[in-house]
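Heads up, the thing below is written out as structure tokens.
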Amino acid sequence: MQPSTFNSPRLRFLVAGPLSPRPGGRRGRILLAELAERLTQSSLALDVDVGPALGAAGELKIKAKFSRFRDFSVTEVVQQSLGELHRLRERLLAPSGRPRSDELLAQVARIAGRGPLHAEIAACFAPPPEKPADPGGGDLVDELLARGSAPPKSAASSAIDALVRGGVQSTPAGAGVEPSRAAHAALSAALARAATAVLADPKLRAAELRWRSLRLFLSQCPRDPELDVELLDVDPAGLPAALAELAELDPLARPDAIFLLDPLASLAEAAAIAEVAADLHAPVCAELDPAALGRAGTAAIAAGVAQDLGLGDEFEALRDDPASRWLTLAVNGPVLAAEATPAGERVLAGGAALAVAALIASSLRLGGTLAQIGRDADLRAPATWSFRHGQEDIPIATAERCSAEDQLALARRGLTALGGPQQSDLLTLAACPVVHRSDEPTSLAGQLLVGRTVRFALWVRHRIPAGASPEQAADAVTRAAALMLLPGTPLRPRFGAALNQGESGPELKIGASFPAGLAGHPVALSFALPIS
């Protein structure tokens, strides 16, 4: 990563989470162009027993390495980590050099033992069962006449028949197309099951989600200097402390928004992150595991809201905490990968927080504002999956179906849910609220502007010249705001400042309002800071 040097007033986003083998809290810029190299350097590898999934007779451990994005696929895992069985399978349909059935079974037994896979492949080459005798017995006279009319077989012919009947297990597998194809299909399905089991390992799946969701976000970032992206490489256990250390930075060197790579597993974690975000005056967007709400998924959460069941006392207490105005919790992440395999489709969905970041970045890239988040921004998921509706398979781009009505209903309860139109890979957001319950709901974009203004005020109050008159102080603050508050945006905020004498001494009064086109709806705030 490049070292952080924030000498310009552009927007700054921080992505926090583990992305190296030994996260140590290092912070620095990260670019899309260097992401592939970072993955190569991560030394991501896994030792896993694929015996049960493959159908082996016992334990069968393999080592799988992941140094490229394409390594996260069933095809690559099979070729790299199950290469011997893969090559044996490919020979089954080769024009020449097909293994004999006994050779094939011997190879499978050597690699995987005489387990379910061996038995399944052996069954592909077994002779067909004999037809059962006619239960009616038939006409004895007709049978005798038929025997008499059949020409007698020579001894040589009888010997050949015996040889054919006894040589089923030693014939080349390619001698009969159907047995070879059946064995090829059985072996393909077993290899796909084994590779899918590797990719389903919880640690590996979490790593794949991080890398793919980060790539989705970085691919949407503007190429001009409108947005800086940093990575805070930190283990989940050390995340709150690492974020709290950012408060020691100059207020304008802190991030404008923070996005967490890993989902929050509990509401207690969410409350702790909200407290840190409030101290930083920087909103945090995190994915929330539905299990934290006692639900199996987004659809279950939406169904409970539709039935007015609520989201539990702990979540309602979080919404009443003033710190939760600095927290956005997202669910229903995009489909990041989908792969059809002989054992079924493998779908990877998640990374809801980074998808929200991608929507913000897309809005900035397309129009230089935050007003297009989830509406006009053209963000497409990397893949889709299909659900069955009647006789039709309907593709969607998120983990679960979530209509615009469901998104709005969840937003009224303090949750951000991604969605998208059916038969499409588009990602949309009907609303992107903060968790806090208030009479005037605030969006993540609005809170980002509030945080930037507050941090600007904290920064500028120490730079008012000693002995400055109220007019000079107000003019200095206003000039600094024009340069530092929202540079490069087509819409300028209305900003005012005054130096007054408060009850305990001089205080700087700040007022700012942002047009609706900047963050989706008007944002206004005013506050006073003591001047020491």
Side-chain angles (χ1 to χ4, degrees), residues 53 69-70 72-76 78 181-182 184-186 188-193 195-197 199-200 205 208-209 212-213 215-216 219-220 287 289-291 293 295-307 309 330-352 354-356 358-359 362 372-411 415-432:
F69 277 99
R70 72 182 187 186
F72 294 102
S73 72
V74 168
T75 300
E76 290 294 324
V78 167
R181 290 192 179 279
H184 183 276
S188 295
L191 289 171
R193 290 194 305 269
T196 301
L199 294 167
R205 185 179 183 279
E208 184 182 0
L209 280 169
R212 290 192 183 276
S213 59
R215 182 170 66 171
L216 174 65
S219 69
Q220 296 301 312
E287 182 176 4
D289 187 338
L293 298 172
R295 304 291 197 276
T298 303
I301 297 174
V305 168
Q307 297 172 23
L309 298 179
V331 295
N332 205 36
V335 180
L336 298 172
E339 181 182 11
T341 80
E345 188 175 24
R346 185 184 84 92
V347 176
L348 181 79
L354 270 293
V356 172
L359 285 163
S362 178
Q372 295 173 276
I373 299 175
R375 291 188 287 274
D376 299 326
D378 185 15
L379 178 62
R380 298 180 180 274
T384 61
W385 72 280
S386 298
F387 66 91
R388 193 73 174 173
H389 182 70
Q391 300 297 316
E392 188 179 5
D393 289 328
I394 301 178
I396 58 173
T398 52
E400 299 183 63
R401 287 177 284 174
C402 190
S403 67
E405 292 77 11
D406 286 339
Q407 292 180 61
L408 291 172
L410 291 174
L415 285 178
T416 295
L418 283 96
Q422 295 182 10
Q423 303 280 10
S424 171
D425 58 355
L426 281 173
L427 295 172
T428 61
L429 275 179
C432 189

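All values below were derived from every heavy atom in this structure, side-chain atoms included, with hydrogens, water molecules and symmetry-related copies excluded. For the single chain, residues carry numbers from 1 onward in sequence order. Predicted model, so just to flag it, every value in this text is computed and none were measured.
In this structure, Ala383 and Ala338 approach most closely via the heavy-atom pair CB-N, 3.7 Å. Residue Ala349 comes nearest to Ala399 through the heavy atom pair CB-CB, 3.7 Å, listed as atom of the first residue, atom of the second, then distance. Of all heavy-atom pairs between Gly350 and Leu336, the closest is O-CD1, 3.7 Å. Taking each heavy atom of Arg193 and Ala343 in turn, the nearest pair found is CG-CB, 3.7 Å.
Under the 4.5 Å side-chain criterion, counting only non-hydrogen atoms from C-beta, Val335 is not in contact with Thr384. Looking only at side-chain heavy atoms (C-beta outward), Thr341 and Leu191 stay at 4.5 Å or farther from each other. Counting only heavy atoms from C-beta outward, the side chains of Thr416 and Leu410 never approach each other to under 4.5 Å. Ile301 has its side chain within reach of Leu415: a pair of non-hydrogen atoms, C-beta onward, lies under 4.5 Å apart. Two residues are said to be in side-chain contact when any heavy atoms from C-beta on lie closer than 4.5 Å; Arg212 and Pro382 fail this criterion. A 4.5 Å side-chain heavy-atom check between Leu348 and Leu209 finds at least one atom pair inside the cut-off.
To the nearest 0.5 Å, atom CZ of residue Arg380 and atom CG of residue Asp425 are 5.0 Å apart. Distance check: Glu76 CD to Leu199 CG gives 10.5 Å after rounding to the nearest 0.5 Å. Atom CG in Leu429 sits 10.0 Å away from atom CG in Asn332 (nearest 0.5 Å). Between atom CD of residue Gln422 and atom CD1 of residue Ile394 there is a gap of 5.0 Å, rounded to the nearest 0.5 Å. Within the model, atoms OG of Ser386 and CG of Asp393 stand 5.5 Å from one another, a figure rounded to the nearest 0.5 Å. Separating the CG atom in Leu427 from the CG atom in Leu216 is a distance of 7.0 Å, to the nearest 0.5 Å.
Formation of a donor-acceptor pair under 3.5 Å by the Gln407 side chain with backbone atoms of Ala430 is found in this model. The backbone N or O of Thr298 sits less than 3.5 Å from a side-chain atom of Glu400, completing a donor-acceptor pair.
Surrounding CZ of Arg388 are more than 12 heavy atoms belonging to other residues, nucleotides or ligands, all under 6.0 Å away.
Taking the centre and axis of the six-membered ring of Phe387, the NZ or CZ atom of Arg401 falls inside the cone set by 45° and 6.0 Å.
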Pair Leu379, Gln220 - check side-chain contact (heavy atoms from CB on, under 4.5 Å), show working. CA-CA 8 Å; Leu379 178 62; Gln220 296 301 312; 3.5 Å; yes
For a side-chain contact (heavy atoms from CB on, under 4.5 Å) check, start with the C-alpha distance between Cys402 and Leu418, then their side-chain angles and the critical distance, and finish with the verdict. CA-CA 7 Å; Cys402 190; Leu418 283 96; over 6 Å; no
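Listed by first and then second residue, the salt bridge (Lys or Arg N to Asp or Glu O under 4.0 Å) pairs that reach into residues 338-350 are Glu208-Arg346, Glu339-Arg346, sequence neighbours excluded.
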